[in-house]
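Notes follow the structure.
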Amino acid sequence: MDNSLGIIIVSAGKGSRMGTEESKQYLLLNDKPIIIHTLEVFNRLPLVKEIVLVTGLHDVERAEAWVQQYKLDKVVKVIPGGSERQYSVYKGLLEINTDWVMVHDGVRPFVEAGDIEACYQMALRTGASVLAVPVKDTIKKVDDSGIIVATPDRQSLWAIQTPQTFRVSELLRAHEEAQSTGFVGTDDSMLVERLGVQVAVVQGDYSNIKLTTPDDLEYASFIEKRKGEGRR
Ligand SMILES: Nc1ccn([C@@H]2O[C@H](COP(=O)(O)OP(=O)(O)OP(=O)(O)O)[C@@H](O)[C@H]2O)c(=O)n1
Ligand SMILES: C[C@](O)(CO)[C@H](O)COP(=O)(O)O
């Protein structure tokens with residue numbers, strides 16, 4: 001065991017909630033596709049050994065061309081994903097050749113290097129970790145008729161982000177158990193939690209947004225501009 005770290009960037013979604021003709025991960029942000037911004041963050045980190053990029057079936061070729069164009073030398077494979085995020089992650093996992101893996105959404109381009117490092121270090125200490133932020137709003141559970149049925153204590157509520165870090169062997173086991181019972185989750189932590197494994201939360205940053213709906217694009221432009229000003 002050398003504690004090597006591989007990254008799976010999932011980018012095979014259709015972006016139906018964004019509603020754009022071009023899939024959201026390929027929209028330009030400051031003249032560069034969003035997915036390239038995301039890949040560049042991981043590609044420049046010394047702790048990252050390899051990156052597997054999972055794209056839509058018909059996007060593999062153009063993604064491979066971008067990998068060359070933007071000199072993303074840690075991207076060892078570009079492969080087609082599946083019909084659900086979970087299946088895309090699993091396909092990526094089968095290509096990973098490291099002890100540890102971080103799964104990250106291709107549409108979270110603002111993740112900070114320091115938070116990635118903190119997530120990795122926490123996983124080394126505890127076995128599994130995810131980035132997250134405490135929720136700021138009061139969250140209600142609402143039934144199908146629109147009536148509030150519960151108000152969970154906000155103190156214990158966190159909005160979960162990516163990256164999420166696991167031992168490759170453990171995440172593979174979690175995915176295979178989920179598949180065997182037909183369970184489909186919205187993140188990888190859920191699958192690992194189902195095995196009874198404890199997953200630690202690392203407080204990240206509110207700017208690590210997932211570009212999901214059109215209003216996120218405006219906020220993304222704002223964050224990118226602010227980052228650019230910080231670099232000057
Ligand atoms: N079958 C899928 C579905 C999603 N993803 C990826 O998982 C991340 C988070 O998913 P989400 O924001 O839900 O993306 P979409 O599925 O594209 O969006 P929507 O649900 O609005 O269609 C994205 O980077 C997306 O490309 C994936 O690799 N394979
Ligand atoms: C993995 C994730 O980004 C954590 O917040 C999220 O669960 C993805 O969910 P989506 O329904 O695919 O947007």
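All residue numbers refer to positions in the sequence shown, counting from 1. Numbering of ligands and ligand atoms starts at 1, following listing order.
- In summary, the atoms of ligand 1 found under 4.0 Å from a heavy atom of Ser83, numbered by their order in the structure, are 1 (N).
- Under a 4.0 Å heavy-atom criterion, Gly81 is not in contact with ligand 1.
- When each atom of ligand 1 is checked for a heavy atom of Gly82 under 4.0 Å away, the hits are 1 (N), 2 (C).
- In this structure, Lys24 has a heavy atom closer than 4.0 Å to ligand 1.
- Of the N and O atoms on the side chains of Arg226 and Ser207, not one donor lies less than 3.5 Å from an acceptor on the other residue.
- In this structure, atom 6 (C) of ligand 1 lies nearest to the protein heavy atom Val10 O, 3.7 Å.
- Within the listing of ligand 1, atoms 24 (O) sit less than 4.0 angstrom from a heavy atom of Gly106.
- When hydrogens are left out, the protein atom nearest atom 13 (O) of ligand 1 is Arg17 NH2, 2.8 Å; that is the closest non-hydrogen contact.
- Atoms of ligand 1 lying under 4.0 Å from at least one heavy atom of Ser16, given by number and element, are 19 (P), 21 (O), 22 (O).
- At least one side-chain heavy atom of Glu117 sits less than 4.5 Å from a side-chain heavy atom of Leu47.
- Between Lys77 and Glu95 there is a salt bridge, since at least one side-chain N of the basic residue sits less than 4.0 Å from a carboxylate O of the acidic one.
- Relative ring orientation between Trp100 and Tyr120 is described as perpendicular, the plane-to-plane angle rising above 60° on a 0-90° scale split at 30° and 60°.
- Not a single N or O atom of Leu211, backbone or side chain, sits closer than 3.5 Å to an N or O atom of ligand 1.
- His175 and Asp188 share a side-chain donor-acceptor pair at under 3.5 Å.
- Phe222 does not carry Lys227 over the face of its six-membered ring by the limits of under 6.0 Å from the centre and within 45° of the normal.
- The shortest N or O to N or O distance between Thr212 and ligand 1 is not below 3.5 Å.
- Protein heavy atom in closest approach to atom 29 (N) of ligand 1: Ser88 OG, 2.7 Å.
- In terms of protein heavy-atom proximity, atom 3 (O) of ligand 2 is nearest to Asp105 OD2, 2.6 Å.
- The single protein non-hydrogen atom nearest to atom 28 (O) of ligand 1 is Ala12 N, 2.8 Å, given as residue, atom name and distance.
- Below 3.5 Å of separation, one finds an N or O of Gly13 facing an N or O of ligand 1.
- Contact analysis leaves Thr212 out of contact with ligand 2, as no non-hydrogen atom separation drops below 4.0 angstrom.
- For the pair Glu229 and Lys225, the salt-bridge criterion is met [side-chain N within less than 4.0 Å of a carboxylate O].
- Remark: minimum distance from atom 12 (O) of ligand 2 to any protein heavy atom is reached at Arg85 CD, 4.0 Å.
- A salt bridge does not link Lys14 with Glu21: every distance from a Lys NZ or Arg NE/NH1/NH2 to an Asp or Glu carboxylate oxygen is 4.0 Å or more.
- Regarding atom 13 (O) of ligand 2, its nearest protein heavy-atom neighbour is Lys210 NZ, 2.4 Å.
- Taking every heavy atom of Arg108 and a limit of under 4.0 angstrom, the matching atoms of ligand 2 come to 2 (C), 3 (O), 4 (C), 5 (O).
- Among all non-hydrogen protein atoms, the one lying nearest atom 8 (C) of ligand 1 is Asp105 OD1, 3.4 Å.
- Exactly one residue among Ile96, Ile51, Leu171, Ile79 makes a side chain to side chain contact (heavy atoms under 4.5 Å, CB included) with Ile8. That residue is Ile96.
- Among protein heavy atoms, atom 5 (O) of ligand 2 sits closest to Ile160 O, 2.6 Å.
- Side-chain polar atoms of Tyr90 and Glu176 form a donor-acceptor pair below 3.5 angstrom.
- For atom 11 (O) of ligand 2, the candidate residues are Gln86, Gln161, Arg17; the nearest heavy-atom contact is made by Arg17.
- Using a distance-only test at 3.5 Å, with no hydrogens or angles considered, no donor-acceptor pair links the side chain of Thr213 to the main chain of Arg17.
- In terms of protein heavy atoms, atom 2 (C) of ligand 1 is closest to Arg85 N, 3.4 Å.
- Of the N and O atoms on the side chains of Thr151 and Lys140, at least one donor lies less than 3.5 Å from an acceptor on the other residue.
- Applying the side-chain hydrogen bond (donor to acceptor under 3.5 Å, both in side chains) test between Asp105 and each of Lys210, Gln164, Arg85 identifies Arg85 as the sole match.
- Residues Ile9 and Ile7 are in side-chain contact: their nearest non-hydrogen atoms beyond the backbone lie under 4.5 Å apart.
- Checking each of Asp115, Asn208, Asp187 against Gln161 for a side-chain hydrogen bond (donor to acceptor under 3.5 Å, both in side chains) leaves exactly one that passes, namely Asn208.
- Backbone and side-chain nitrogen or oxygen atoms of Asp187 are examined, and none is located within less than 3.5 angstrom of a nitrogen or oxygen of ligand 2.
- Within ligand 1, the atoms closer than 4.0 Å to a non-hydrogen atom of Glu84 are 1 (N), 2 (C), numbered from 1 in the order shown.
- Of all atoms in ligand 1, numbered sequentially from 1 with element shown, those under 4.0 Å from a heavy atom of Lys210 are 9 (C), 11 (P), 12 (O), 13 (O).
- Across Asp188, Thr162, Thr186, heavy-atom proximity to atom 9 (O) of ligand 2 is greatest for Thr186.
- Of the N and O atoms on the side chains of Glu64 and Gln68, not one donor lies less than 3.5 Å from an acceptor on the other residue.
- Protein heavy atom at the shortest distance from atom 17 (O) of ligand 1 is Gly15 N, 2.7 Å.
- Proximity of Val107 to ligand 1 is established by a heavy-atom distance of less than 4.0 Å.
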